[in-house]
S.K.: 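Structure in structure tokens, see below.
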Amino acid sequence: MTVAPDGVLWIATLKGLVRFASERFTTYGDWDGIPSGPLNALSIGRNGSVWVGAKNGSVGLWEGGRITTWWKGQGARINCLREDTDGNLWIAFEELGLGRMRGHRLEMFTRDNGLPSNNPDWIFEDLERNLWVGWADAGFSMLRDAKFTSFGKPEGLSSDSIASVIQDADGSLWVGTVDAGLNHIEKGVRVSSTQSIPAGKGVLGLLQARDGSIWI
């Protein structure tokens with residue numbers, strides 16, 4: 001689920017892509033003219049387009065009211081998609097690694113490239129154009145100019161299993177875990193757990209409203 005710059009809410013569902021605007025839901029249930037399979041991720045693209053990721057690993061592009069295949073997957077589930085400021089599409093492939101797509105060309109990054117895990121779960125670009133990656137089993141990393149910094153339990157996070165990430169309007173980060181509540185990272189260094197969420201609960205989705213409130 002994500003909100004486009006024009007205020008439209010987009011949701012990836014088991015039966016296709018859903019658009020919510022003007023108090024109305026519209027479902028785009030076809031992909032290449034046939035019923036869409038389960039969608040698991042989406043990202044707002046340029047010029048009003050929307051990227052979608054399927055559980056079978058395929059990447060689709062919604063434009064003009066229809067979804068077409070951009071890249072055909074090979075079975076690895078897509079956990080998250082994120083188009084960055086430079087137009088690269090970053091893809092979190094379950095248990096396969098982190099992908100960067102430029103046009104139709106896919107480049108993969110794994111432990112062999114120095115990453116802490118092959119199982120990315122969440123991708124986020126902050127206001128300084130740093131790329132943040134949450135791992136299913138290795139905490140949280142920041143990638144910048146080919147370097148990365150990891151945040152996990154040794155740095156104070158309540159869990160190494162990351163499910164969701166957003167940047168607050170004040171520049172800090174909120175980090176939801178699969179099994180240990182919500183964390184707050186201030187100034188890229190200080191990590192604290194939020195007591196309002198029970199420590200054993202998962203935080204699977206985060207969104208900041210225009211009035212600054214955090215939806216969980």
Side-chain angles (χ1 to χ4, degrees), residues 1-94 99-104 106 120-127 131-134 162-169 174 176 178 182 202-216:
M1 178 176 63
T2 190
V3 178
D6 59 4
V8 174
L9 177 67
W10 293 91
I11 310 168
T13 76
L14 295 177
K15 295 185 178 180
L17 181 65
V18 176
R19 179 180 187 269
F20 180 71
S22 302
E23 304 298 322
R24 178 183 177 185
F25 287 99
T26 303
T27 300
Y28 301 95
D30 291 342
W31 185 325
D32 291 334
I34 61 175
S36 172
L39 302 181
N40 202 56
L42 60 84
S43 179
I44 302 301
R46 300 181 178 184
N47 303 318
S49 62
V50 180
W51 296 101
V52 294
K55 289 189 175 182
N56 66 5
S58 294
V59 176
L61 182 63
W62 179 94
E63 285 183 309
R66 65 175 184 170
I67 303 172
T68 56
T69 297
W70 184 266
W71 189 80
K72 189 174 182 180
Q74 299 176 343
R77 164 176 161 153
I78 294 176
N79 288 329
C80 185
L81 293 169
R82 191 71 62 193
E83 182 176 337
D84 68 17
T85 305
D86 296 323
N88 300 304
L89 183 65
W90 292 88
I91 309 171
F93 289 104
E94 187 175 51
R100 179 175 63 186
M101 185 170 287
R102 295 177 176 176
H104 290 274
L106 179 67
D121 195 56
W122 194 262
I123 307 167
F124 178 78
E125 184 183 35
D126 67 19
L127 298 177
L131 194 72
W132 295 82
V133 182
I162 307 303
S164 54
V165 181
I166 62 168
Q167 185 171 29
D168 196 293
W174 295 95
V178 172
L182 183 64
V203 178
L204 304 183
L206 292 165
L207 187 68
Q208 185 169 38
R210 293 179 179 177
D211 64 2
S213 58
I214 306 293
W215 290 82
I216 303 172

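Worth saying up front: this structure is predicted, and the values here are computed from it rather than measured. Throughout, residue positions are numbered sequentially from 1 according to the sequence presented. All values below were derived from every heavy atom in this structure, side-chain atoms included, with hydrogens, water molecules and symmetry-related copies excluded.
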S.K.: Could you check L42 against L81 for side-chain contact (heavy atoms from CB on, under 4.5 Å), going step by step and ending with a plain yes or no?
M.R.: CA-CA 6 Å; L42 60 84; L81 293 169; 5.5 Å; no
S.K.: Indicate whether any N or O donor in one side chain lies under 3.5 Å from an N or O acceptor in the other, for N79 and W122.
M.R.: no
S.K.: Do W51 and W62 have ring centres separated by under 6.0 Å?
M.R.: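 Distance test on ring centres: not under 6.0 Å, no.
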S.K.: On a heavy-atom basis, which atom in D211 and which in S213 lie closest, and how many Å separate them?
M.R.: OD1-OG, 2.7 Å
S.K.: Are R102 and N88 close enough that a side-chain donor and a side-chain acceptor fall under 3.5 Å?
M.R.: yes
S.K.: How far does CD1 of I162 sit from SG of C80, to the nearest 0.5 angstrom?
M.R.: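 Going from the CD1 atom of I162 to the SG atom of C80 covers 13.0 Å.
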S.K.: Could you measure the distance from the CD1 atom of I166 to the CD1 atom of I216? Nearest 0.5 Å is fine.
M.R.: 8.5 Å
S.K.: Might you work through the side-chain contact (heavy atoms from CB on, under 4.5 Å) test for R77 and F93, ending with a clear yes or no?
M.R.: CA-CA 6 Å; R77 164 176 161 153; F93 289 104; over 6 Å; no
S.K.: Say you draw a straight line from OG of S36 to NZ of K15; how long is it, rounded to the nearest 0.5 Å?
M.R.: 11.5 Å
S.K.: Compare all side-chain heavy atoms of I123 with those of L131 and state whether any distance is below 4.5 angstrom.
M.R.: yes
S.K.: Which pair of non-hydrogen atoms, one from A12 and one from A41, has the smallest distance, and what is that distance?
M.R.: CB-N, 4.0 Å
S.K.: Less than 6.0 angstrom separating the ring centers of W71 and H104, yes or no?
M.R.: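 No; H104 has its ring centre 6.0 Å or more from that of W71.
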S.K.: Please report the closest heavy-atom contact between R46 and G87, naming both atoms and the distance.
M.R.: NH2-N, 2.8 Å
S.K.: Determine whether a donor-acceptor pair (N or O, by modelled atom type, separation under 3.5 Å) exists between the side chain of S43 and the backbone of E83.
M.R.: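 Side chain of S43 to backbone of E83, a donor-acceptor pair under 3.5 Å: yes, one is there.
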S.K.: Quick one: does I67's side chain get under 4.5 Å of L17's, heavy atoms only?
M.R.: yes
S.K.: Without hydrogens or angle criteria, can the side chains of E125 and W132 be said to hold a donor-acceptor pair below 3.5 Å?
M.R.: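 No, no side-chain donor-acceptor pair sits under 3.5 Å.
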S.K.: Passes side-chain contact (heavy atoms from CB on, under 4.5 Å), L39 versus I78? Steps please.
M.R.: CA-CA 9 Å; L39 302 181; I78 294 176; over 6 Å; no
S.K.: Below 4.5 Å, heavy atoms only, C-beta onward: do V8 and V3 meet side chain to side chain?
M.R.: no
S.K.: Can a donor-acceptor pair be found, under 3.5 Å and without considering hydrogens, that links the side chain of E94 to the backbone of P120?
M.R.: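 Between the backbone of P120 and the side chain of E94 there is no qualifying donor-acceptor contact (under 3.5 Å).
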S.K.: Checking side-chain contact (heavy atoms from CB on, under 4.5 Å) for the pair L106/R100: CA distance, chi angles, key distance, verdict?
M.R.: CA-CA 6 Å; L106 179 67; R100 179 175 63 186; 6.0 Å; no
S.K.: Which of these, I44, V52, V18, sits in a side chain to side chain contact (heavy atoms under 4.5 Å, CB included) with W10?
M.R.: I44
S.K.: Are any of the side-chain heavy atoms of D168 and I214 separated by less than 4.5 Å?
M.R.: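 Result yes, sub-4.5 Å side-chain heavy-atom pair found.
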S.K.: Is there side-chain contact between K55 and L14, with at least one heavy-atom pair below 4.5 Å?
M.R.: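 Yes; the side chains approach each other to less than 4.5 Å.
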S.K.: Would you say the side-chain atoms of S49 and N47 include a donor-acceptor pair closer than 3.5 Å?
M.R.: no
S.K.: To the nearest 0.5 angstrom, please state how far the OH atom of Y28 sits from the CZ atom of R19.
M.R.: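 Reported value, rounded in 0.5 Å steps: 5.5 Å.
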S.K.: To the nearest 0.5 Å, tell me how far F20 CZ sits from L9 CG.
M.R.: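 One gets 7.5 Å once the value is rounded to the nearest 0.5 Å.
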S.K.: How close do G7 and R210 get, counting heavy atoms only, and between which atoms?
M.R.: CA-NH2, 3.7 Å
S.K.: Are W31 and T69 linked by a side-chain donor-acceptor pair shorter than 3.5 Å?
M.R.: yes
S.K.: Hey, what do you get for CG (L89) to CH2 (W70), rounding to the nearest 0.5 Å?
M.R.: 9.5 Å
S.K.: Do W90 and F124 have side-chain heavy atoms sitting under 4.5 Å apart?
M.R.: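 Answer no - side chains too far apart.
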